[in-house]
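Computed from a prediction, not measured in an experiment: that's the story for all the values here.
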Amino acid sequence: MRAPVGGLFLGLDSSTQSLKAIAVDDDLRVVYENSANFDTELPAFGTRGGAHQHPDGVTVTSPPLMWVAALDLLLAKMAGDKFPFMKVVAIGGSGQQHGSVWLKRNARDVLRNLDAARPLSEQLEGVFSVDASPIWMDSSTGHQCRELEKALGGAQAVADLTGSRAYERFTGNQIAKIWQTRPRDYDNTDRIALVSSFMASLLTGDYAPIDLSDGSGMNLLGIRSRTWSAAALDHTAPGLAARLGAPVPSHSVVGVVQPYFANKYGFWRQCAVVAFSGDNPNSLAGLRLQRPGDVAISLGTSDTMFGSSSNPAPSGSEGHVFVSPIEPGAFMVMIVRKNGSLTREKVRDASAGGSWEDFNEAIARTPPGNDGCISLHVDQPEITPPLGRTGVYRLDGRDRVVSVFQPAAEVRAVVEGSFLSMRIHGAGIGLKPTSILATGGASANMEMVRVMSNVFGVPVLVGEQANSAALGAAYRARHGWACAAAGRFIPFDEALPGAAPFRRAAVPDPAAHAVYTAMLGRYERLEREAGV
Ligand code: XUL
């Protein structure tokens with residue numbers, strides 16, 4: 001579907017630390033990027049990394065008014081750059097997942113009647129029933145998680161229903177906590193939004209619906225029925241369905257920009273707003289992981305693996321299944337390994353003299369399969385698989401537990417181990433790659449990319465674009481607009497004709513792949529033993 005000539009699609013990403021914008025043109029080229037940092041550009045809110053860590057060590061919140069102020073600030077910076085707001089055909093958006101915004105009864109009126117002569121933050125100051133929004137870094141709801149799993153028949157039952165076992169950061173458990181500990185604030189709440197749907201609400205001037213993909217990060221949505229689960233809602237808090245509103249497919253147009261933005265910044269009055277979604281779903285869109293088997297591995301502080309799946313297998317112990325943000329009948333699957341780049345850096349320092357060159361040379365010098373030497377580093381309690389006890393576990397080629405390998409073997413083992421683990425646990429939850437897009441810091445490391453390709457037995461692609469969530473939001477703006485213009489659902493790739501292809505960085509060597517396949521059983525055993 002061709003976009004209007006000269007038209008732009010704007011993606012906004014309200015992440016933990018900043019609000020970012022990316023605009024793409026009708027050829028899907030990135031033509032503009034900007035951002036507003038919460039800590040440094042909105043210092044009055046006193047956040048660190050965009051959040052407030054509470055003294056109890058487990059509660060983490062952010063001031064929702066900061067997200068409001070950031071929108072005006074970013075748009076003002078864009079106006080300073082003479083950004084052509086009038087050309088924006090549609091806006092899409094991304095928000096950090098799981099965070100909630102609690103709105104009082106007066107909020108809807110305020111949203112509907114914003115005055116372009118006054119800052120947004122001044123007008124929205126009094127609309128929050130909870131002025132410290134719980135965000136994804138919060139881990140204070142262990143009690144509520146246990147209760148949910150007890151009520152719904154166990155962790156696996158919660159995962160089968162909602163896509164994930166009960167997680168402390170997931171919004172339903174945060175809602176249960178607020179209802180239990182602050183019933184009056186709960187009673188005063190007219191609408192509970194996610195960060196994503198809240199940002200869309202500001203733009204449309206009304207409550208914008210939660211989309212099905214971000215809605216899957218709440219432990220409240222039936223991922224197969226694609227509606228709120230009555231059992232989960234009833235257990236969580238009274239009158240919750242009315243406070244959440246009905247969820248919508250992620251490609252839905254949820255309104256047009258309200259006059260505030262047209263009057264103040266010069267947006268086109270018919271500029272469509274497409275449902276905002278979570279940052280991970282938007283990254284899936286930004287990386288165009290559309291077909292089942294399209295998978296990305298992001299190597300960063302945490303390593304994440306996510307992709308599209310038509311047949312996911314939710315796990316009662318690890319990983320997440322969300323409704324897909326780009327293909328309403330499909331799913332997005334995601335696993336997170338906590339011991340990522342910090343662990344690799346530790347091994348680099350201990351076994352490669354602190355040099356990435358030596359680290360890579362060690363990989364190049366050792367054979368695929370590392371002569372049977374395998375390791376599992378749990379420097380921090382691991383999420384996938386869940387391992388609470390820290391330590392480094394090693395088996396040599398004769399299955400003996402050893403305390404150290406030769407330096408080069410040590411390097412190869414940490415790299416191979418992380419990909420073997422991702423292959424095992426990805427497959428366990430329904431993620432079977434046919435190709436892998438490598439992103440994040442370590443993806444520029446060709447030795448690691450080669451190991452990745454051989455472990456999974458599929459080609460590895462690389463792309464240039466950073467900020468995949470904001471880019472995905474811009475792409476989703478284009479997708480939602482195309483579906484609305486056609487009056488029917490249009491496949492994501494048809495709505496993005498001519499998007500630049502990714503570059504093939506490695507193809508698997510069948511012999512090396514066979515070596516890795518034969519190692520899976522031993523690696524699973526190592527993980528099991530680390531768990532006892
Ligand atoms: C995902 C998660 C984080 C947040 C913030 O489950 O908690 O990735 O979305 O980025």
Side-chain angles (χ1 to χ4, degrees), residues 287 289 291-300 302-315 317-321 331-341 343-344 363 366-370 372-378 382-387 393 395 412-440 442-443 445 447-462 505-531:
L287 301 174
L289 305 174
R291 269 164 284 278
D294 287 351
V295 167
I297 291 181
S298 163
L299 300 174
S302 298
D303 292 342
T304 56
M305 174 176 177
F306 59 91
S308 287
S309 173
S310 51
N311 191 20
S315 157
S317 59
E318 63 199 39
H320 307 295
V321 178
F331 299 92
M332 162 173 181
V333 176
M334 175 168 103
I335 58 174
V336 178
R337 281 186 82 255
K338 206 159 184 182
N339 292 283
S341 53
T343 293
R344 286 185 288 273
I363 301 178
T366 42
N370 212 15
C373 295
I374 56 175
S375 70
L376 167 62
H377 291 251
V378 190
E382 184 52 84
I383 303 175
T384 311
L387 297 171
Y393 307 87
L395 285 181
R412 182 173 267 279
V414 72
V415 174
E416 290 186 342
S418 60
F419 296 140
L420 287 167
S421 182
M422 283 192 228
R423 180 170 161 194
I424 292 165
H425 297 281
I429 188 169
L431 214 48
K432 302 207 171 93
T434 49
S435 73
I436 297 174
L437 187 61
T439 70
S443 63
N445 180 319
E447 292 299 337
M448 283 181 52
V449 162
R450 231 187 312 276
V451 177
M452 188 190 286
S453 177
N454 287 336
V455 169
F456 286 92
V458 299
V460 173
L461 313 172
V462 293
V507 287
D509 165 9
H513 180 56
V515 169
Y516 290 122
T517 300
M519 285 169 77
L520 294 173
R522 285 180 71 228
Y523 203 80
E524 279 179 289
R525 210 164 63 233
L526 185 67
E527 288 188 339
R528 263 200 308 279
E529 278 160 21

Might you point out which heavy atoms bring Tyr523 and Ser375 nearest each other, and give the distance in Å? OH-O, 2.8 Å
Let me confirm one number: the CG-CG distance from Leu526 to Leu395, rounded to the nearest 0.5 Å. 5.0 Å
Any chance the side chains of Thr434 and Arg291 put a donor and an acceptor closer than 3.5 Å? no
Checking the side chain of Arg412 only, and the main-chain atoms of Thr366 only, is there a donor and an acceptor separated by less than 3.5 Å? yes
Keeping the roles fixed (side chain from Ser341, backbone from Gly300), state whether a donor-acceptor pair exists under 3.5 Å. yes
Check whether any side-chain heavy atom of Tyr516 sits under 4.5 Å from a side-chain heavy atom of Pro368, and report yes or no. yes
Thr384 versus Val336, closest heavy-atom pair with distance: OG1-O, 2.7 Å
So Val295 and Lys432, side-chain contact (heavy atoms from CB on, under 4.5 Å) or not? Walk me through it. CA-CA 8 Å; Val295 167; Lys432 302 207 171 93; over 6 Å; no
Going by salt bridge (charged side-chain N to carboxylate O under 4.0 Å, His left out), name the residues that satisfy it together with Arg344, two or more places apart in sequence or in a different chain. Asp303
Separation between OG1 of Thr343 and NE2 of His377, rounded to the nearest 0.5 Å: 7.0 Å
Measure the spacing between OG of Ser317 and CD1 of Ile383 and express it to the nearest 0.5 Å. 12.5 Å
So do Val378 and Asn339 actually touch side chain to side chain, heavy atoms under 4.5 Å? yes
Between the main-chain N or O of Ser418 and the side-chain N or O of Ser421, is there a donor-acceptor pair closer than 3.5 Å? no
Partners passing side chain to side chain contact (heavy atoms under 4.5 Å, CB included) against Ala296 (at least two apart in sequence or in another chain): Leu287, Leu289, Phe306, Leu437
Closest heavy-atom pair and its distance - Ala438, Val460: CB-CG1, 3.8 Å
Leu520 and Arg423, any side-chain heavy atoms less than 4.5 Å apart: yes
When every non-hydrogen atom of Gly319 is compared with those of Ile335, the smallest separation belongs to CA-CG2, 4.0 Å
If you look at every heavy atom in Gly531 and Leu387, which pair is closest and at what distance? CA-CD2, 3.6 Å
Any side-chain heavy atom of Ile436 sitting closer than 4.5 Å to one from Leu461? no
Gap separating the CG atom of Asp509 from the OG atom of Ser453, nearest 0.5 angstrom: 9.0 Å
Between Ser435 and Asp294, is there a donor-acceptor pair closer than 3.5 Å when you use the side chain of the first and the backbone of the second? no
We want to know whether Asn370 and Glu416 form a side-chain donor-acceptor pair, criterion being a heavy-atom distance below 3.5 angstrom. no
Let me confirm one number: the CD-CE distance from Glu524 to Met519, rounded to the nearest 0.5 Å. 12.5 Å
Backbone N or O of Met334 within a donor-acceptor pair of the His320 side chain at under 3.5 Å? no
Evaluate the side-chain proximity of Ile374 to Tyr393: yes if any heavy-atom separation is below 4.5 Å, no if none is. no
Given side chains that start at C-beta, do those of Met332 and Val321 come closer than 4.5 Å, heavy atoms only? no
Would you find a donor on one side and an acceptor on the other, under 3.5 Å apart, between the side chain of Ser309 and the backbone of Gly430? yes
To check you understand the geometry: which heavy-atom pair defines the closest contact between Pro433 and Met305, and what is its length? CG-CE, 4.1 Å
Will you find, in the side chains of His425 and Glu527, an N or O donor that is under 3.5 Å from an N or O acceptor? yes
Under a 3.5 Å distance rule, please check whether Thr517 uses its side chain to pair with a backbone N or O of His513 as donor and acceptor. yes
Drop me the distance from Arg450's CZ to Asn445's CG, to the nearest 0.5 angstrom. 9.5 Å
Would you check if the side chain of Arg337 reaches a backbone N or O of Thr304 as a donor-acceptor pair within less than 3.5 Å? no
